[in-house]
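Have a look at the structure below before the remarks.
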Amino acid sequence: MPRPAAALLRAITACTGCREAQALHSLACKLGLASDMVISTALLTSYAKRGLVARAQRLFDEMPRRDVVAINAMLAALGAAGRVTDARALFGRMLDRTPASWNTMVTCYCRAGDLTSARDVFESSLRAMSSSVVSWNAMIDGYCKAGRMDAARELFDRMGSSLPDVITWNTMMAGYLRGGDPASAIAMFHLLMRTQQEGEQRLRPTSGTMATVVAACAQVGDLALGRQIHHLIQQKGIWIDTVLSNALMDMYFKSGSVDCALDVFRTIPCSPNLFCWNTVISGLGMNGRGEDAIAAFHDMVQGRGRPNGNSVRPDGVTFVALLSACSHSGLVRVARKFFSQMLPVYGLPPQSEHYGCMVDLLCRAGHVDEAARLVQTMPGRPNAKVLGSLLLDAHVAEGQEGGVRLSEWAARRISKLDLHDGAAYGLSNVYASLQRWDRVEEHRRQVRAAVRHAKGPRRKRPGRALL
DNA sequence: GTAGGGTTAG
């Protein structure tokens, strides 16, 4: 490939924005490289990654010739956009399919939640002798993400001992973790280490393996194992990327080892990204270090805190972390300021979880009336999250009759929401803790009645008010 | 140039 084409290709694969992709596209045209199949395929993928399927499609349609890689790229673009029917049609027209074509279809169906079709395509790929370990991994991941760990495990076991690669193991571990079974994720990690020691050199754990098992340690609260794994990571010289850094920091923060967490933060190999900052801010907050959390926030937006650090734009999660940090440390005035700056300064309209944080914070500080005003003036109808905060926190303002009244107002509003939300069932307990036994019975009757109503033949659409 | 996994809040 001539030098300008190679340079252009590198730029296309590395580019990050829509306008950048468009600029590189027109550059390719001016250089007379637009008809180059490799360049066009890279551009197609670049558009697809930014969610610009229509542009990707046009590029594809205008290609004078299309090889199997170009078609596979288009197939993936359609799949990522959820256009299952179009993907299937294109796949059906393909004369020679590579394993990547089959795998793309499996992933496409899995993402659309159609596991039956995914399984059909997967089995066909086995029959067509066009499968690879990637097909198995894609299918297993589909089951994992659908919460069907039994089916995932069955496939994993069917693979035998030589076919699974480290990604297969990572997928299974992550599946267990996401499915709320961190103990099984840890068990698989031990099994992986044993298998590797028995001579499977392909099964060297990656930073992804370590991130998952560390997250599992954090969930079961096994700091001892977590530390051991941290040592193992250093001993094996596994590269601690931002993902693994986050998992380690999170584990240390959750176990109260703030200094260890900050040590990890200081040694992140590149400039910390949004995820890293969010982890640090929430971690400091949950350890009662509200002032430090706020300082971290300022470092984040100003690009300080690290030599040659970049400025990072906060997102909604950042503000949940920041506001709850304020809440844990009783920093009411600062929280009000940040909350009011969200839209005008940072361009982030407060969501219900942010209102929830503010309600939580105001109630804890005894500003029950202000919390009530906030909920009553928030745009849209307050949902179970916000009302739940109000319900659970308003009576914390002890001895305040207003608090109890507000709690009850929230309870009534919740009972008008969809009861399948689960929040309504928690109500009885709150009443009980308020020692209002008369209301407990009354509420339980309401819940029973509403559930009967919900199960009845005239079931309304879920998510709508029942009363 | 195309196909698979991993981290963050409450």
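Every chain is numbered from 1 and lettered A, B, ... according to where its sequence line falls, protein lines coming before strand lines.
- Note: CG (A/L78) to P (B/dT2) measures 16 Å, nearest angstrom.
- Nucleotide B/dG4 holds its P atom 19 Å from the CE atom of A/M172, rounded to whole Å.
- The pair A/R266-A/D263 counts as a salt bridge, with a side-chain nitrogen and a carboxylate oxygen less than 4.0 angstrom apart.
- Side chains of A/T279 and A/D250: a donor-acceptor N/O pair is absent below 3.5 angstrom, by distance only.
- Among the nucleotides B/dA9, B/dT7, B/dG6, the one closest to the side chain of A/S207 is B/dG6.
- Between the side chain of A/N72 and the base of B/dG1 there is no donor-acceptor pair of N/O atoms closer than 3.5 Å.
- Closest to the A/M37 side chain, of the nucleotides B/dG10, B/dG5, B/dG1, is B/dG1.
- Contacts between residues 56-67 of chain A and DNA chain B, counted as heavy-atom distances below 4.0 Å, involve A/D67.
- Contacts of A/T98 with the nucleic acid, taken as non-hydrogen atoms under 4.0 Å apart, are absent.
- For a distance-only test at 3.5 Å, the side chain of A/T209 fails to qualify as a donor-acceptor partner of the base of B/dG6.
- Which of B/dG4, B/dG1, B/dG10 sits closest to the side chain of A/V133 comes down to B/dG4.
- B/dG6 atom P lies 16 Å from atom CG of A/D250, rounded to whole Å.
- Distance CE (A/M251) to P (B/dT7): 15 Å, rounded to an integer number of Å.
- Distance from the side chain of A/E353 is smallest to B/dA9 among B/dA9, B/dG4, B/dG5.
- A donor N or O paired with an acceptor N or O is found under 3.5 Å between the base of B/dG5 and the side-chain atoms of A/T206.
- Considering only side-chain atoms of A/V38, the nucleotide from B/dG4, B/dG1, B/dT8 that sits closest is B/dG1.
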The test is salt bridge (Lys or Arg N to Asp or Glu O under 4.0 Å); show your working for A/E123 and A/R158 and say whether it passes. CA-CA 13 Å; A/E123 296 291 347; A/R158 234 177 85 190; 3.7 Å; yes
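- In the set B/dG6, B/dA9, B/dT8, B/dT8 carries the atom at the smallest distance from any side-chain atom of A/F275.
- Counting non-hydrogen atoms under 4.0 angstrom, A/A174 reaches the backbone sugars and phosphates but no base.
- Rounded to whole angstrom, the span from the CZ atom of A/F156 across to the P atom of B/dG5 amounts to 16 Å.
- Here B/dG6 presents its C1' atom at 12 Å from CD1 of A/I238, a figure rounded to the nearest Å.
- For A/R66 and A/F60, the positive end sits near the middle of the six-membered ring, less than 6.0 Å away and at most 45° from its axis.
- Within 3.5 Å, a donor on the side chain of A/D241 pairs with an acceptor on the base of B/dG6, or the reverse.
- Checked against the 6.0 Å centroid criterion, the rings of A/Y109 and A/F122 do not qualify as a close aromatic pair.
- Note: NZ (A/K254) to C1' (B/dT7) measures 10 Å, nearest angstrom.
- No side-chain donor-acceptor contact under 3.5 Å links A/N246 and A/N278.
- Comparing atom distances between the A/V69 side chain and each of B/dA3, B/dT2, B/dG5 picks out B/dT2 as nearest.
- A ring pair (Phe, Tyr, Trp, His ring centres under 6.0 Å) with A/F156 holds for exactly one of A/W169, A/Y176, A/Y143; it is A/W169.
- When the nucleotides B/dA9, B/dA3, B/dG4 are ranked by their closest atom to the side chain of A/P99, B/dA3 comes out on top.
- For the 3.5 Å distance criterion, the side chains of A/T168 and A/D165 qualify, holding a donor opposite an acceptor.
- For A/T41 against B/dG1, a side-chain N or O and a base N or O form a donor-acceptor pair under 3.5 Å.
- Of the side-chain N and O atoms in A/R178, one or more sit less than 4.0 angstrom from OP1 or OP2 of B/dG6.
- Residue A/S132 places its side chain closer to B/dA3 than to any other of B/dA3, B/dG1, B/dG10.
- For A/F297 and A/W277, the gap between ring centers reaches or exceeds 6.0 Å.
- In this structure, the nucleotide among B/dG4, B/dT7, B/dG1 sitting nearest to the side chain of A/L177 is B/dT7.
- The nearest whole Å value for the distance from the CH2 atom in A/W136 to the P atom in B/dG5 is 17 Å.
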